[in-house]
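All figures in this text were calculated on a predicted structure; none of them were measured in a lab. So that the names make sense, note that chain A is the first sequence line, chain B the second, and so on, each numbered from 1.
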Amino acid sequence: MQILKTMWKPERRWWSNPPVSYGVAIVSVTAALISSRLLGRYLATAPVSLFLCAVMFSAWFGGLRPGLLATALSVLAFAYYFTAPVHSLIVDIKEVPRLLIFALSVLFVGLLSAAQRIATESLRHARDRLDGTVKELERINQALHAENAERNRAQEALRESEQRLQDVVDNTAAVVFVKDLELRYILINREFERRFQVQRDQIREQTDFDVIPHDVAEFVRGHDRQVIEAGVPLQFEEIIPSYEGDRYYVAVKFLLRERTGKPYAVCGIATDITERKQAEEALRQAQAELARVSRVTTMEQLAASIAHEVNQPLAAVVTSGNACLNWLATSPPNLRKARDAIERIVRDGNRAGDVLKRVRALVKKAPLTKSVVSVNEVIREVLALAGGELRRHRVETSTELDFNLPSVMADFVQLQQVLLNLVMNAIESMTTITDRPRVLSIQSLLHDLAGRPAILVAVRDSGVGLSPEGIARVFEGFYTTKPEGMGMGLWICRSIIEAHGGQLTAEPNDGRGATFQFVLPAAAGRTA
Amino acid sequence: MKAGDSIVFVVDDDSSVREALTDLIASVGLLVEAFKSAREFLEYKRPDAPACLVLDVRLPDLSGLDLQRELVRTEAPIPIIFITGHGDIPMSVRAIKEGAVEFLTKPFRDQDLLDAVQHALETDRSARKERARVTEVRRRYQSLTKREREVMKLVVSGLLNKQIAAELGSSEVTIKIHRGQVMRKMKAQSIVELVHLAEKIGITSTGLSHTKVL
């Protein structure tokens, strides 16, 4: 532990200072000298043992070296003042033993005192160190307590935060799950439990194969793996069966990462959009139905009105012809009446022709509200409108659209009507087909029309196809192969395309079915 | 006129068709009168002659079917041949129920129309004869006194003079005289003929069903 490594530093006391210690040695010896000299006047012999006290004090106070200094000074003072001859450092020979004994005593006392001081000192040091250690231990203990409390608080906070998160996740209407990178479940929310009838403690370590049908599991896991590969959040639409039936989900899936950024799990939040999907589907079907009905009524009304307009003069022609024959059969023949009848025949014949001319002109000259139109957009709209019909008749759709096409100047609605008509015809031509797939394919590509850039749209079906006679007549008015048809649809379609400066043609396929295609000139200098 | 004053009316708003039909009908020697609307035909004072009506279903304003109903309502019966550009079955059923003799859908063969016209005229001719007979019988019946009508009613019910006398509280002789008057005024040669005449003008014996009949 860091804290235990801190060195214990002994306290330095002011008197441990060497000059002070030496000073004390000099002063104490001086004091002993003065005291001995003063007392020596009144006593028989001077009390030199006071020097012992001075040395002892110096050694105790300052240690060995001040003790030795005091010893030396005491020996010098003894030799000077208390041995004969007095007031001289010269020592009389007979006084030498006394001096030696004195010196040895003083030295001994000094050494002993110094040794005792060192022992005391080290004892005190040891005690001080022990005190420090104890204090240090107390501090460490406190720190550990604090750390422990901190950890408990953090754990409590974490638990609370986890509980809050679980509450949030459990109370959302979305289905939430977390899987490890091997796609084994780690965590699921309550909605997940409810929908798939599993318990969160049972699902740990399990995979989708344990929860949903095999093929669906493969599908869902494919999405999970995409997220793991991509490393960024992705959104998917998934259809997953549960006890409530097939449900549509929009699932947002993303990676959970460690602090280092290393992913450790896939999290998914799936929202049930079944009701929305169903509403959209119903809306789409209603739209398709509306478009179909309005198309049929418009076409039928137009066709019926044209039929009536043409039928009247034709009926009159026949009747007048018969009347004419009757007038000629009388005897004598009534030539004036016969001539009147023939004049009416000519007049009514012209009238019938005029009707058709007028209708054609009407379609051609109908004020077009032309705008910049993307044919691909028209195709998408029409496929959306016809979606219900396509599904109802189990027709597969394939599109091959060139998204770099230039746009065209056209009346969007009319173009939509033409394409819708071609698509509906294609569907109708396939309703009786049971021995092969019913496939509708729509293609858009860059083409040319009289040397200028143009857009070609081809509608190909695998239906009953067209006979050679059919090919020749399919765009004529009142020609139809359908039991209920008026034979006006394609005639009007061709008129619309021609009014846009384009061409509408039909041809049988190499295999089965027929292809109707139209070419429209590209709008100058624009792209869709 | 060769066909004995019978007349064909044509109502069609399309001038080509109207003119052609008129001419066709004229070409077989029939008298023909054309109108371009139902309203125009209703306002026309028809001559008292066998007739039929060739009528286009689709007419502006008042349609052919409306005209038919109007004619039924005003008790001016006339056989109707409908022609239509696109007749549907409910429409033709309705027309036939209301008494149309024919329902032709354009384009039709002209001979079919002419046959229908001839048939309609024949129908009208006999209907007119029948109507005339009924009118005459009714006129004769009007000339009977109240007592004679009572006696006639009981006679056609098959009662004997004695029973009639009892019924009316009169003598057998008086009844005999009334009965002779009835036979004379109604121009009936026999009781059987009198019964036929009574049927024509709707006199039946049902009113006396409580009486014991021999």
Side-chain angles (χ1 to χ4, degrees), chain A residues 296-297 299-356 358-359 478 480 483-488, chain B residues 1-3 8-37 52 54-60 63-64 81-89 91 102-118:
Chain A
V296 167
T297 30
M299 294 282 178
E300 268 178 4
Q301 278 169 359
L302 188 55
S305 137
I306 292 167
H308 185 73
E309 284 293 301
V310 175
N311 214 7
Q312 294 288 88
L314 285 182
V317 163
V318 174
T319 304
S320 293
N322 279 320
C324 179
L325 289 175
N326 287 345
W327 293 124
L328 291 174
T330 57
S331 69
N334 189 335
L335 293 180
R336 192 182 59 81
K337 285 280 188 188
R339 188 190 167 82
D340 286 352
I342 289 169
E343 277 173 0
R344 280 202 314 277
I345 290 171
V346 172
R347 185 196 67 189
D348 292 339
N350 282 332
R351 181 184 151 193
D354 286 347
V355 171
L356 286 183
R358 210 162 56 231
V359 174
F478 302 110
T480 182
E484 301 291 311
M486 291 296 272
M488 296 307 293
Chain B
M1 286 287 141
K2 274 190 282 178
V8 181
F9 301 110
V10 173
V11 181
D12 198 314
D13 63 317
D14 188 288
S15 61
S16 295
V17 175
R18 191 171 64 239
E19 285 171 24
L21 281 176
T22 308
D23 197 40
L24 177 75
I25 293 162
S27 73
V28 295
L30 289 166
L31 204 59
V32 60
E33 198 75 52
F35 304 86
K36 61 177 183 288
S37 75
C52 75
V54 177
L55 181 57
D56 191 2
V57 172
R58 181 143 81 170
L59 289 173
S63 81
I81 298 147
F82 275 107
I83 51 172
T84 175
H86 43 274
D88 53 17
I89 289 169
M91 189 195 275
E102 196 62 81
F103 200 96
L104 298 172
T105 305
K106 287 185 217 171
F108 48 80
R109 285 174 55 237
D110 289 337
Q111 198 51 52
D112 289 345
L113 176 71
L114 292 176
D115 290 347
V117 165
Q118 292 296 359

Nearest-0.5 Å distance that lies between atom CG in A/Asn311 and atom OG1 in B/Thr105: 10.5 Å
Chain B contact residues among residues 326-333 of chain A, heavy-atom distance under 4.5 Å: A/Asn326, A/Trp327
Selection from B/Val17, B/Leu114, B/Asp23 maximising heavy-atom pairs under 4.5 Å formed with chain A: B/Asp23
CG on B/Leu21 to CG on A/Asn322, rounded to 0.5 Å: 11.0 Å
Contacts with chain B made by residues 335-344 of chain A (heavy-atom distance under 4.5 Å), listed by residue number: A/Lys337, A/Ala341, A/Arg344
Heavy-atom side-chain contact between B/Ser16 and A/Gln312 under 4.5 Å: no
Partner chain A: residue of B/Thr22, B/Asp12, B/Leu24 with the largest heavy-atom pair count (under 4.5 Å): B/Leu24
Heavy-atom closest pair, residues A/Ser320 and B/Ala20: OG-CB, 3.2 Å
